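What you see is a predicted model; the values in this text were computed from it and never measured. Just follow the structure's listing: the first ligand is 1, and inside any ligand the first atom is 1.
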Amino acid sequence: MTVNEYCLFILLSEKLSDKLTPPPKDIIDIPNLSIVLPDKPKRENKILFSDKKSKIPRLEHLNQKTNRALAIHHFANHELMALEIFAWALLKFQNIDPLFRRDLFKTLKEEQKHLSLYINRIHELGMEFGDKPLNFIFWKFTPLMITFDNFSSIMSLSLEGANLDFATLYSKIFEINGDTESARIMDLIYKDELSHVKRGVRVLQKNKNPEESDWEHYSQNLVFPFTPRRAKGYFYFPETRKKVGFSDEFIQNLAEYKDEFSNRKKEVIPEELKSWGIYSD
Ligand SMILES: [Fe+2]
Ligand SMILES: [Fe+2]
């Protein structure tokens with residue numbers, strides 16, 4: 001089996017269990033420029049895309065088990081979209097550096113692992129994945145991922161970057177509420193996500209021209225209406241971006257970035273986290 005065949009299987013198979021099936025050990029990567037790229041993944045009924053809004057519960061409500069299940073359901077939806085979009089990217093970007101294709105493939109497998117961890121935890125907390133509506137927010141951005149640099153800036157540097165903030169924050173909140181198992185899962189995902197964002201930083205640094213700063217190359221590769229606002233959580237932890245190798249200028253510009261979005265009532269951040277981060281909204 002080739003990487004392309006496997007990625008097509010992930011996108012064209014409706015079943016969640018197929019999307020979570022690991023690739024064969026002897027899989028080989030043979031790029032093929034004439035591939036036909038599906039616009040959207042196929043999904044069985046339980047995991048169909050929905051237009052219904054489903055909000056993540058507020059932090060102060062995560063003392064309840066059902067709300068923790070709901071929060072994890074929300075994150076699990078992101079992982080499902082991420083694994084499909086990495087499959088989509090492997091099909092779309094056939095002629096990039098083979099090392100970058102290897103990175104994408106590795107990330108895809110780790111997104112499968114994240115989704116499985118979340119699905120199990122949702123089940124343990126008394127809910128099933130797909131019980132709540134699944135939005136398709138990440139898939140709305142694929143038309144903006146025209147080049148590999150667009151893809152890396154949107155997916156790796158922004159959406160996966162923001163996940164560093166969410167994983168840090170929710171790990172702590174789950175722990176405060178005595179849910180050490182959910183906190184442990186967030187920590188595992190945080191560690192993998194650091195390497196995913198690092199992969200994006202490698203692309204950025206290899207492909208930018210020497211006169212450009214990281215921030216310039218990054219922001220030039222975002223296609224409107226996608227803005228850097230999506231590259232951070234509602235509570236931003238600059239230290240996490242230092243760990244993945246962003247420049248100080250990048251970290252500062254991201255901290256200061258604002259757009260017209262958000263009238264969300266501010267979350268109440270636990271005292272012990274306040275000194276590490278910054279409100280984004
Ligand atoms: Fe992930
Ligand atoms: Fe990721």
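- Under the 3.5 Å distance criterion, with hydrogens and angles disregarded, no donor-acceptor pair is assigned to the side chains of His73 and Glu128.
- Of all N, O or S atoms in Glu160, the one lying closest to the Fe ion (ligand 2) is OE2.
- For His196, the N, O or S atom with the smallest separation from the Fe ion (ligand 2) is ND1.
- With ring centers used as reference points, Phe151 lies 6.0 Å or more from Phe100.
- Note that CD1 of Ile85 and NZ of Lys92 are 12.5 Å apart. Values are rounded to the nearest 0.5 Å.
- When you scan the N, O or S atoms of Glu111 for the one nearest the Fe ion (ligand 1), you land on OE1.
- Closest approach between the Fe ion (ligand 1) and any N/O/S atom of Glu79 involves OE1.
- Geometrically, Lys172 does not engage Tyr170 in a cation-pi contact, judged by NZ or CZ lying under 6.0 Å from the ring centre and within 45° of the ring axis.
- The Fe ion (ligand 1) is closest to atom OE1 of Glu193 (considering only N, O or S atoms).
- For the residue pair Ser182 / Arg121, a side-chain donor-acceptor distance below 3.5 Å is found, with atom types taken as modelled.
- Here the N, O or S atom of His114 that is nearest to the Fe ion (ligand 1) is ND1.
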